[in-house]
Amino acid sequence: MGVGEDFGTFCSNLAVTNRSSISDRYELITRRFNLEFWNVDSRLYHSIYAGSYGRNTATGATSDVDVIFWLPVAYYNTYNSYVGNGQSALLQLFRNALQKTYSTTQIGADGQVVVVSFTDGVTFEVLPAFENNDDSFTYPDANNGGSWKTTNPRPEIAEINRMDKECNGNLKYLCKMARAWKKEWSVPISGLLIDTLAYYFIRNYQYRDKSFVYYDFMSRDFFEFVAGQNEQQNYWLVKQRGKLSRFPG
């Protein structure tokens, strides 16, 4: 086998293998929250994948799945007016609702998300949120007395998808290979930072739309790019839907 065939096999081996199980659980979780908070029986409404699974840069038998579920704004009005930590109370409400479906599953709240840990090692982190007019989400943070924060994964996902298409699918493969390297050598770098650096590297890379034959060059040049980064930098700007937004490190 040649270089191209070897890298093709390597990337194929990095594919997520438990998508069916993840999808089933995602739909059951979404259905429970829709019944509880929207009074509708739907496995799809009011939720999206986020994180590496949402960006499709996750690898192998994925163990962590991030989900955002948004609630009617009336719940924000109620818990925002709490005297005390309304954010913590909202997370507890969210947790209690999920236990109606997963009564024997380990469920915990870490201050921002409800964590559902399954016996096969897969963990869902579900973020309760409120959808804003600009497609971003306001979510509760129960830490330090409670506050509201904002996240906007949709433009991030859209930009990763756009660049990946422009690069002949090479961006997501690069992200996955870098994640495999991180796991193999226990490199202290976040998955989001890997995806961000891969995005910055490949957007102007001379071989960005080439085949697996060029992956040895791409891997070498990507690690050189990463090694040359300023260690003090803690965020990157990326153009999303015509405006500059932050990709945190």
Side-chain angles (χ1 to χ4, degrees), residues 2-16 19 48-60 62 64-68 132 134-137 149-185 187-249:
V3 170
E5 289 83 358
D6 288 341
F7 273 102
T9 299
F10 178 40
C11 289
S12 178
N13 291 339
L14 294 176
V16 173
R19 286 191 182 277
I48 60 170
Y49 290 112
S52 62
Y53 198 83
R55 295 189 296 272
N56 195 24
T57 57
T59 63
T62 300
D64 298 313
V65 181
D66 297 312
V67 175
I68 296 176
N132 301 316
D134 63 355
D135 284 343
S136 67
F137 297 97
K149 294 185 177 179
T150 303
T151 185
N152 196 1
R154 283 168 168 156
E156 169 190 307
I157 292 170
E159 181 63 13
I160 290 289
N161 288 337
R162 184 196 68 79
M163 184 60 69
D164 186 63
K165 184 177 181 180
E166 190 174 292
C167 296
N168 193 30
N170 292 329
L171 172 56
K172 291 181 182 180
Y173 277 141
L174 177 59
C175 292
K176 292 180 180 184
M177 290 192 296
R179 286 170 183 274
W181 162 76
K182 161 189 163 67
K183 181 178 180 181
E184 178 69 19
W185 298 103
V187 181
I189 181 174
S190 72
L192 178 56
L193 182 53
I194 285 175
D195 292 354
T196 303
L197 290 173
Y199 170 89
Y200 268 86
F201 163 77
I202 208 168
R203 61 180 182 170
N204 296 315
Y205 185 53
Q206 60 179 328
Y207 303 134
R208 66 179 191 158
D209 60 347
K210 302 300 182 183
S211 69
F212 290 123
V213 173
Y214 287 80
Y215 270 37
D216 53 348
F217 294 138
M218 184 171 71
S219 300
R220 178 201 64 191
D221 296 339
F222 173 66
F223 284 122
E224 182 179 15
F225 172 82
V226 171
Q229 296 302 302
N230 180 357
E231 294 183 6
Q232 303 304 314
Q233 186 168 341
N234 57 22
Y235 69 85
W236 283 256
L237 293 176
V238 62
K239 196 171 185 180
Q240 300 173 338
R241 294 184 182 178
K243 65 180 181 179
L244 288 174
S245 301
R246 287 190 176 190
F247 263 7

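Under the 3.5 Å distance criterion, the side-chain polar atoms of Gln229 are left unmatched by any main-chain donor or acceptor of Val226. Formation of a donor-acceptor pair under 3.5 Å by the Lys182 side chain with backbone atoms of Ile189 is found in this model. Ser12 places no side-chain N or O within 3.5 Å of a backbone atom of Gly8 that could act as its donor or acceptor partner.
With rounding to the nearest 0.5 angstrom, the OG1 atom of Thr57 is 11.5 Å from the CG atom of Leu14. Note: Leu197 CG to Leu192 CG = 9.5 Å, rounded to the nearest 0.5 Å. In this structure, Cys167 SG and Arg203 CZ are separated by 11.0 Å, a value rounded to the nearest 0.5 Å. Rounding to the nearest 0.5 Å places CD1 of Ile160 at 11.5 Å from OG of Ser52. One finds the CE atom of Met163 at 13.5 Å from the CG atom of Asp195 (value rounded to the nearest 0.5 Å).
When all heavy atoms of Ala180 and Phe10 are compared, the closest pair comes out as CB-CZ, 4.2 Å. Ile194 and Ala178 make their closest contact through CG2-CB, 3.5 Å (heavy atoms, listed as atom of the first residue, atom of the second, distance). Looking at every heavy atom in both residues, Ile68 comes nearest to Pro153 through CD1-CG, 3.6 Å. The minimum heavy-atom distance linking Phe7 with Asp216 is given by the pair CE1-N, 3.5 Å. Between Asp135 and Asn152, the shortest heavy-atom distance links the atoms O-OD1, 3.5 Å. Across every non-hydrogen atom of Ile157 and Gly54, the tightest pair is CG2-O, 3.6 Å.
In this structure, Tyr205 and Phe201 have tilted ring planes: the angle between them lies in the 30° to 60° band.
For the pair Val67 and Tyr49, the minimum side-chain heavy-atom distance is below 4.5 Å. Within the 4.5 Å cutoff, no side-chain heavy atoms of Thr59 are placed close to those of Lys183. Side-chain contact check for Asn161 versus Lys172: some heavy-atom pair is nearer than 4.5 Å. Using a 4.5 Å heavy-atom cutoff, the side chains of Trp181 and Met177 are not in contact. Considering only heavy atoms from C-beta on, Lys176 comes within 4.5 Å of Asn56 through its side chain.
Asn170 and Tyr215 are linked by a side-chain donor-acceptor pair at a separation below 3.5 angstrom, with hydrogens and angles left out of the test.
Remark: Arg220 does not engage Glu224 in a salt bridge, criterion side-chain N to carboxylate O under 4.0 Å.
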**Item:** Check against side-chain contact (heavy atoms from CB on, under 4.5 Å), Tyr199 and Glu159
**Value:** CA-CA 9 Å; Tyr199 170 89; Glu159 181 63 13; 2.5 Å; yes

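Checked against Leu174 for a side chain to side chain contact (heavy atoms under 4.5 Å, CB included), the options Arg208, Met218, Arg179 give a single hit: Met218.
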